[in-house]
Amino acid sequence: MNKHLEEIAANRSFGGWHKRFRHRSTVLDCEMEFGVYLPPSAEKGPVPVLWWLSGLTCTDENFMQKAGAHQVASELGIAIVCPDTSPRGTDLPGEHDSYDFGSGAGFYLNAATDPWRRHYRMYDYVTDELPAVVSGDLPVNDVQGISGHSMGGHGALVCALKNPGRYRSLSAFAPISNPTRCAWGEKAFTGYLGDDRNQWKDWDATELIGNNGCDLEILVDQGEADNFLKEGQLRPESLEKACQASSTPLNLRMQPGYDHSYFFIATFIEDHLQHHGRFLR
């Protein structure tokens, strides 16, 4: 293992291993931690990998401890890699003042304004640097899928749409589908990207699909009792319209009674893993 990749935790789980690692990120210019689930089949050779991008305020530990994904991932022979949601330890002015901007809220984009541009390059980290670290030191192959929740659902959609052919499967739970038209997105994009709204469109899944479409079959689950849906933060209807206009295959499932929590994710995570398994195995 690369001497710069430090294993900080390991737990046996459904015949495989949940491990956590620390490394120095050149892209983010700080120390970062991430989580990995390796199925039993990884002991025999490299396995496909599903990238999971978490939502606002989360770290890699939320999904690994709450989603209940290990058993199905073990059966399917799929590794899961969970990055953190922002740079850590940079202590920029105002970085820790609110839950929806700064620490825990990197929005999986590359910041273009000071002081954020030095550290807040989560898009480059998730799509380039961390995959290189993982593939260089862990038993995974180049067959990849991507998924995520809320801000991470936004990130999963954007990463897949900006890298056609990179990922073989795509899904999301309650994604921020049209961030240029919701309060969360407007706040984050103004801070990270500046006031030019034309630049914002490069990080908006609805805009990207509307312009270019997508060849992947997208699975999205959205709870109907999600307070953030009611507040207009998620806007799945905008994503649906863009997919229809671009002939992009979207399976948008509105789930009665479900909210934005990990109870919602745990309920439908097997469906998503099976969806990814169709394309990754």
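Quick caveat: nothing in here was measured; it's all calculated off a predicted structure.
You'll find the side chain of D142 stays beyond 4.5 Å of the side chain of S135, heavy atoms only. Residues E186 and W200 form a side-chain contact, since some pair of their non-hydrogen atoms from C-beta on lies under 4.5 Å apart. Between C214 and S246 the shortest side-chain heavy-atom distance does not fall below 4.5 Å. Looking at heavy atoms from C-beta onward, F189 lies out of side-chain contact with Q199 at the 4.5 angstrom threshold. Taking the side chain as every heavy atom from C-beta outward, Y108 and T85 approach each other to under 4.5 Å. You'll find the side chain of V220 reaches within 4.5 Å of the side chain of L239, heavy atoms only. For the pair N141/P48, a side-chain contact is recorded, criterion being any heavy-atom separation below 4.5 Å from C-beta on. Two residues are said to be in side-chain contact when any heavy atoms from C-beta on lie closer than 4.5 Å; W52 and H149 meet this criterion.
Nearest heavy-atom pair, S86 versus G104, reported as atom, atom and distance to 0.1 Å: OG-N, 2.7 Å. Nearest heavy atoms, L38 versus A42: CB-CB, 4.2 Å.
For D195, the CG atom is loosely surrounded, since the number of other residues' heavy atoms within 6.0 Å does not exceed 12. More than 12 heavy atoms of other residues, nucleotides or ligands shown are found within 6.0 angstrom of OH on Y99.
Using a 4.0 Å cut-off between charged side-chain N and carboxylate O, R235 and E207 make no salt bridge. Between R24 and E129 there is no salt bridge, since none of the side-chain N atoms of the basic residue sits less than 4.0 Å from a carboxylate O of the acidic one. A salt bridge links E33 with R20: at least one charged nitrogen is closer than 4.0 Å to a carboxylate oxygen.
Aromatic pair F101/Y192: ring centres closer than 6.0 Å. Here H70 and Y37 bring their ring centres to under 6.0 angstrom of each other. Annotation: H272 is in aromatic contact with F173 [ring centroid separation under 6.0 Å]. A ring-centre distance under 6.0 Å is found for W203 and Y123.
In this structure, the side chain of Q274 does not engage the main chain of E270 through any donor-acceptor pair within 3.5 Å. Between the D204 side chain and the T180 main chain, a donor and an acceptor come within less than 3.5 Å of each other. Checked by atom type and distance alone, the side chain of Q222 never pairs as donor or acceptor with a backbone atom of L252 at under 3.5 Å. The main-chain N or O of S238 is never found under 3.5 Å from a side-chain atom of R181 such that the two would form a donor-acceptor pair. At distances below 3.5 Å, not a single donor-acceptor pair connects side-chain atoms of H18 with backbone N or O atoms of Q65. Using modelled atom types, one side-chain atom of T206 and one backbone atom of S177 make a donor-acceptor pair closer than 3.5 Å. For D84 (side chain) and M32 (main-chain N/O), no donor-acceptor pair under 3.5 Å exists by modelled atom type.
With 3.5 Å as the limit, one finds no donor-acceptor pair spanning the side chains of N11 and S13. Of the N and O atoms on the side chains of S171 and H276, at least one donor lies less than 3.5 Å from an acceptor on the other residue.
Within the model, atoms NZ of K230 and CG of D259 stand 9.5 Å from one another, a figure rounded to the nearest 0.5 Å.
With hydrophobic clusters built from ILVMFWY side chains whose heavy atoms lie under 4.5 angstrom apart, I78 shares a cluster with V72.
Aromatic ring pairs are classed by plane angle as parallel below 30°, tilted from 30° to 60° and perpendicular above 60°; the pair F228 and H260 is perpendicular.
Applying the side-chain hydrogen bond (donor to acceptor under 3.5 Å, both in side chains) criterion to K187, with sequence neighbours excluded, gives S98, D100.
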